[in-house]
Undergrad: 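Below is a structure I'd like to ask you about.
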Amino acid sequence: MKALIAGAGRLGTQIAQVLAAARNDVTLVDIDDDRITELEGRLPVRTMVGDACEPTFLEHAGALTADLVIATTGNDEDNLVISLLAKRQFAVPRVAARVNDEENTWLFDQNWGVDTAVPVATPLISLIEEATGATDTVALLRLSKAGVDVIETAITPRSRAAGRTLAEIALPAGTVIATVIREGRPTVPAPGMRLQPGDELLVVSHAATEREIHAAFQ
């Protein structure tokens, strides 16, 4: 699957990392060049600087061949424009958009090209499932058909993984750490990264159970 994500804030980068860990082709774009520069080389995705509200940039970013566009900017107006362009001009099969202000929820419908409107408070995994579509989740994220699950675990002062590097943690076979969220910022995990209390991890696995992931870190 080819996914184009507009908005490289915390939510956008988390979604990008999870989709990339599930072996999808992901492009993450943002109008803030400083933000993209900061993320370059830290994410397993393609990053681009530009205004996703501009049709020429969306085309350059790959909207013509995208299977999924997710608008995750912090501005509802921008998310609606991106959604409308994606659906009407580029015929993207599935478009999801983040709703920042609940009062604007009524606008996020198919009239604006939105297949799925996702409230800002929606948990990350639920958001991805909603964005990709309930009937498509298995094929797009390989969550069930191929036995792949996305599991979240948090490091506390009492966790056995606290103070240890990722290289020191024995993960179950077929398991990948997609991202480590530290102080609200997603980070590409490196073997030498030492886990700290307060870290949140998103783990992708095609074999391990939630209990096995818990045992590895807690």
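Model, not experiment: these values are computed from the prediction.
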Undergrad: Mind running side-chain contact (heavy atoms from CB on, under 4.5 Å) on Val92 and Val95 for me, showing each step along the way?
TA: CA-CA 7 Å; Val92 176; Val95 178; 4.1 Å; yes
Undergrad: For Ala71, does its backbone N or O pair with a side-chain atom of Arg98 as donor and acceptor, under 3.5 Å?
TA: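 No; zero donor-acceptor contacts below 3.5 Å.
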Undergrad: Could you tell me whether Arg160 atom CZ has more than 12 heavy atoms of other residues or ligands within 6.0 Å of it?
TA: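 Result for CZ/Arg160: open.
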Undergrad: Per the side chain to side chain contact (heavy atoms under 4.5 Å, CB included) rule, which among Gln218, Arg164, Gln196 passes with Ser159?
TA: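 Going through Gln218, Arg164, Gln196 one by one, the side chain to side chain contact (heavy atoms under 4.5 Å, CB included) with Ser159 is satisfied by Gln218 alone.
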Undergrad: Considering all heavy atoms of both residues, which atom of Ile15 and which atom of Ile5 are nearest to each other, and what is their separation?
TA: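 Smallest heavy-atom distance, with atoms named: CG2-CD1, 3.8 Å.
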Undergrad: Identify the heavy atoms of Cys53 and Leu85 that sit nearest to each other, and give their distance.
TA: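 Closest pair (atom of Cys53, atom of Leu85, distance): O-CD1, 3.2 Å.
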Undergrad: Can you check side-chain contact (heavy atoms from CB on, under 4.5 Å) on Thr47 and Val45, steps first, answer last?
TA: CA-CA 6 Å; Thr47 55; Val45 304; 4.1 Å; yes
Undergrad: Would you find a donor on one side and an acceptor on the other, under 3.5 Å apart, between the side chain of Asp67 and the backbone of Lys2?
TA: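 Between the backbone of Lys2 and the side chain of Asp67 there is a qualifying donor-acceptor contact (under 3.5 Å).
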Undergrad: Measure from the side-chain N and O atoms of Asn79 to the backbone N and O of Thr73, and report whether any donor-acceptor pair falls under 3.5 Å.
TA: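 Looks like yes, one N/O pair under 3.5 Å.
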Undergrad: When you measure from the side chain of Thr175 to the backbone N and O of Ser205, does any donor-acceptor pair fall under 3.5 Å?
TA: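 Checked: no pair found.
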Undergrad: Among Glu200, Gln14, Gln17, whose side chain to side chain donor-acceptor pair (under 3.5 Å) with Thr179 holds?
TA: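 That would be Gln17; it is the only one of Glu200, Gln14, Gln17 passing the side chain to side chain donor-acceptor pair (under 3.5 Å) with Thr179.
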Undergrad: Does a side-chain heavy-atom distance below 4.5 Å link Leu171 with Phe217?
TA: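 Yes, close enough: below the 4.5 Å cut-off.
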Undergrad: Please check: side-chain N/O of Arg10 versus main-chain N/O of Ile181, any donor-acceptor pairing under 3.5 Å?
TA: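 Checking the backbone N and O of Ile181 against the side chain of Arg10, no donor-acceptor pair under 3.5 Å is found.
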Undergrad: With the side chain counted from C-beta on, respond yes when Pro191 and Leu166 share a heavy-atom pair under 4.5 Å apart, and no when they do not.
TA: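 No, too far: nothing below the 4.5 Å cut-off.
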Undergrad: Looking only at atom types and distance, does a side-chain atom of Asp30 sit under 3.5 Å from a main-chain N or O of Ile36, one as donor and one as acceptor?
TA: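 No; judged by distance alone, with no hydrogens or angles, the pair does not exist.
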Undergrad: Taking Asp101's backbone N and O only, do any of them form a donor-acceptor pair with Asp76's side chain (distance below 3.5 Å, no angle check)?
TA: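 Yes; judged by distance alone, with no hydrogens or angles, the pair exists.
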Undergrad: Can a donor-acceptor pair be found, under 3.5 Å and without considering hydrogens, that links the side chain of Ser83 to the backbone of Gly113?
TA: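 Not at all, since once roles are kept as given, no pair shorter than 3.5 Å links the two residues.
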Undergrad: Do any N or O atoms from the side chain of Thr187 and from the backbone of Pro189 form a donor-acceptor pair under 3.5 angstrom?
TA: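 Judged by distance alone, no pair lies under 3.5 Å.
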Undergrad: Are Phe57 and Val69 in one and the same hydrophobic cluster, where Ile, Leu, Val, Met, Phe, Trp and Tyr link if side-chain heavy atoms are under 4.5 Å apart?
TA: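 Hydrophobic grouping puts Phe57 with Val69.
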Undergrad: Look at atom CD of Gln110 and say whether more than 12 heavy atoms of other residues, nucleotides or ligands are closer to it than 6.0 Å.
TA: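 Result for CD/Gln110: open.
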Undergrad: Under the 3.5 angstrom rule, does the side chain of Asn24 hit a backbone N or O of Leu19 as a donor-acceptor pair?
TA: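 Yes, Asn24 side chain to Leu19 backbone: donor-acceptor pair under 3.5 Å.
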Undergrad: Are the side chains of Val176 and Val203 in touch, meaning some heavy atoms are under 4.5 Å apart?
TA: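 They are not in contact (no side-chain heavy atoms under 4.5 Å apart), so the answer is no.
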Undergrad: Consider only side-chain heavy atoms of I, L, V, M, F, W and Y, link residues closer than 4.5 Å, and tell whether Leu84 and Leu107 are in one cluster.
TA: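 Yes; tracing contacts between hydrophobic side chains, which count when under 4.5 Å, links both residues.
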